[in-house]
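Below is one structure; the comments refer to it alone.
Each chain gets a letter, A, B and so on, in the order its sequence line appears, and its residues count up from 1. When reading the values below, keep in mind they use all heavy atoms of this one structure, side chains included, and skip hydrogens, waters and symmetry mates. In this text the structure is predicted, and so the values were computed from the model without any measurement.
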Amino acid sequence: MARILITSAIPYINGIKHLGNLVGSQLPADLHARYHRARGNEVLFLCSTDEHGTPAELAAAKAGKPVADYCAEMHAVQADLAKGFCLSFDHFGRSSSPQNRRLTQYFAGRLADQGLIREVSERQVYSHADGRFLPDRYIEGTCPNCGYDRARGDQCENCTKQLDPTDLIDPRSAISGSTNLEVRETKHLYLRQSVLRPDLEAWIDTKTDWPILTTSIAKKWLNDGDGLQDRGITRDLDWGVPVKKGTEDWPGMEGKVFYVWFDAPIEYIASAAEWAEASNLTDSEWERWWRTDKGAEDVRYVQFMGKDNVPFHTLSFPATIMGSGDPWKLVDYIKSFNYLNYDGGQFSTSQGRGVFMDQALSILPADYWRWWLLSHVPESSDTEFTWENFQTNVNKDLADVLGNFVSRVTKFCRSKFGEAVPAGGADTPEAAALVADLTARVQQYQAHMDAIDIRKAAAELRAIWVVGNEYLQNAAPWTLYKTDPDAAAAVTRLALNLIGLYAALSQPFIPNASETLRQAMGLASLDWPEDVAAALTALSAGAPFTVPDVLFRKITDEEREGWQEQFAGQRG
RNA sequence: GGGCCUGUAGCUCAACGGUUAGAGCAGAGCGCUCAUAACGCUUUGGUUGGGGGUUCAAAUCCCUCCGGGCCUACCA
């Protein structure tokens, strides 16, 4: 039995995520977790909310709440939505947990011990009115290059020129608008990634099977300009993990916190510790997933994320782990994704453009979204969501091909033989051919799922559904019944068993529908069809079943048009 | 500016130097009547963004031009 550790990029706390966020990390990670559990492997699937940083502080201030309260509330909201989408996390943690605070401080101490931390004195913009240092992009002013009056301190959005905040003419705080700004000297810790560059490069070079998107981004950062740069890992903020060297104070770092991108990946580890605590397990139970000296040497660790997260997962976090000198588990495979666009543009949280997780669930069940998003997941390039596409694909695949198959089989049986699996009839060459075809297709499906080729896996699963309709059409039990009821019974028995097979195979994609089918067919559990022939005799003559309600109702043109209107912009 | 990715049928995508570039959807025709007007079969549709080159052989490798996207290190 293989052991698979799976983490999804952790969603930021400042609001409800849109479908583009979902499809780029949590949803494919869930598919992988469900698949491996179904295959009988031991899985630990972890996710959390990423709670620190300036945007969280500002979102809390806007909501008029203490940042800790705001994060607690938003964590509950996101956890609830994750449940709504059937995301099967073993634990959904929080980067603000005591476990993460301890681990983050511990890692910083280890890195300092190894000589991989240096102190840098730098000049930062301080806003008196806001009472805080401002990150570059929270300073606005007039662009010295093009004159655009809302240029940000890191870059002018109008002429795309890279800027330094001190370049701006008439700089002001983007938060309060105050011009009472001051450049102050402040001291920060830098992780000496440049020292680790050869180790990181050698490690990346061994990952020849990773998606090209992942390795090309990593190599770009390794080789760009003067090579991998040291990175500041502390900030002048109130909300975050206080800077400490292990359990000891860090002289000169009082009042500072670690940068979110330092503590957020460590939360992957802390989340396992939180999981153990929440499950009343000992530390050794989570350490056997994360420490190669404590049982994790046979773990395969797979991460899922959008392309914007790749540098931190291929370089910064591995640098943290390698630099610690401890035997922590390094990632084995990084599956990264492009972006999902919305109807000719980008999903936009700030403009309320596109569909957000709560809205999606309010208009259709999770399986509709799961199926469309996973079967169109942006693996090779950015993908476009359109309502027309969504409607036709979902109606065809789920309602017509799968749902209607279940409907025609169960209703035919009920009308001719009653609501129990019929007896009689013998195996036919056509049935044997069906078994052979499905055996090959299931193997293909598994190969795609093992390789995390999600679109191909979805296409093969759909083809497996189609095979049922083909078989039924050719065997035509409704005709056969008139002359040879026993033969019709044999066909129907096999077709009913196909429903059970489909329920098991489809479960990673559409868990709710699979559960509905399992119950309807009276199956005790959804067992993976390691032997297709055997799986197709799971329901024997006399086994009762019920005709399920319409599995997937179709999306009407009126609905589609309404949603097109509703989600065009300005979330309300 | 630099780097990376991408451009294949009306749409969404396969094909990773080797038969005649393939699927699904959409379109057309036929069949079936068990079913959510569902299903099955057949079929139309491509100068693989343009041009040049390498090769016995190019969607695939090289050059160049055009279009789209992403990243560029203090948002996360």
side-chain N/O A:Arg152 vs B:rC74 OP1/OP2, d < 4.0 Å: no

Nucleotide-level pairing of RNA chain B, given in dot-bracket where Watson-Crick and G-U pairs need both distances under 3.5 Å and | marks other strands: (((((((..((((....[...)))).(((((.......))))).....(((((..]....))))))))))))....

Would you say B:rC39 has OP1 or OP2 under 4.0 Å from some side-chain N or O of A:Lys396? yes

Phosphate oxygens OP1/OP2 of B:rA38: is one of them under 4.0 Å from a side-chain N or O of A:Lys554? yes

Counting heavy atoms from C-beta on, name the nucleotide in B:rC39, B:rU36, B:rG69 closest to the side chain of A:Asp382. B:rG69

Taking the C1' atom of each, how far is B:rG27 from B:rG68, in whole Å? 28 Å

Given B:rC70, B:rC75, B:rG2, identify the nucleotide with an atom nearest to the side chain of A:Lys307. B:rC70

Of the nucleotides B:rC75, B:rU72, B:rU33, which has the atom closest to the A:Trp221 side chain? B:rU72

Nucleotide nearest A:Lys220 when distance is taken to its side chain, options B:rU36, B:rG40, B:rG3: B:rG3

A:Arg137 side-chain N/O to B:rC75 phosphate OP1/OP2 under 4.0 Å: yes

Any A:Ser95 side-chain N or O less than 4.0 Å from OP1/OP2 of B:rA76: no

If only side-chain N and O atoms of A:Arg455 are considered, is one of them under 4.0 Å from the OP1 or OP2 phosphate oxygen of B:rC13? yes

Using whole Å, report how far NZ of A:Lys456 lies from P of B:rC13. 14 Å

Side-chain N or O of A:Arg462 versus OP1/OP2 of B:rC25: is the shortest distance under 4.0 Å? yes

Taking only the side-chain nitrogens and oxygens of A:Tyr259, find out if one of them lies under 4.0 Å from OP1 or OP2 of B:rA76. yes

For A:Phe552 against A:Ala399, the heavy-atom pair lying closest together: O-CB, 3.4 Å

Applying side chain to side chain contact (heavy atoms under 4.5 Å, CB included), name anything that partners A:Ser381, two or more places apart in sequence or on another chain. none

Figure out the CH2/P separation between A:Trp478 and B:rC32, and round it to whole Å. 12 Å

If the C1' atom of B:rG7 is compared with that of B:rC11, how far apart are they to the nearest Å? 15 Å

Which residues satisfy the side chain to side chain contact (heavy atoms under 4.5 Å, CB included) test with A:Asn497, sequence neighbours excluded? A:Arg493, A:Leu536, A:Ala538, A:Leu539

A:Phe552 side chain: which of B:rC74, B:rA76, B:rU36 is closest? B:rU36

For nucleotides B:rU60 and B:rG18, find the distance between their P atoms and express it as a whole number of Å. 12 Å

Euclidean distance, atom CZ of residue A:Phe412 to atom C1' of B:rA38 [Å, nearest integer]: 16 Å

Any side-chain N or O of A:Ser380 below 4.0 angstrom from OP1/OP2 of B:rC5? no

Does the ring center of A:Phe317 lie less than 6.0 Å from the ring center of A:Phe312? no

For A:Glu460 and B:rA14, what is the distance between atoms CD and C1' respectively, to the nearest whole Å? 13 Å

Picking from B:rG2, B:rC75, B:rA76, which would you name as closest to the side chain of A:Tyr12? B:rA76

Do A:Phe405 and A:Tyr502 make the cut of ring centroids closer than 6.0 angstrom? yes

Euclidean distance for P, B:rU43 against B:rG22 (whole angstrom): 13 Å

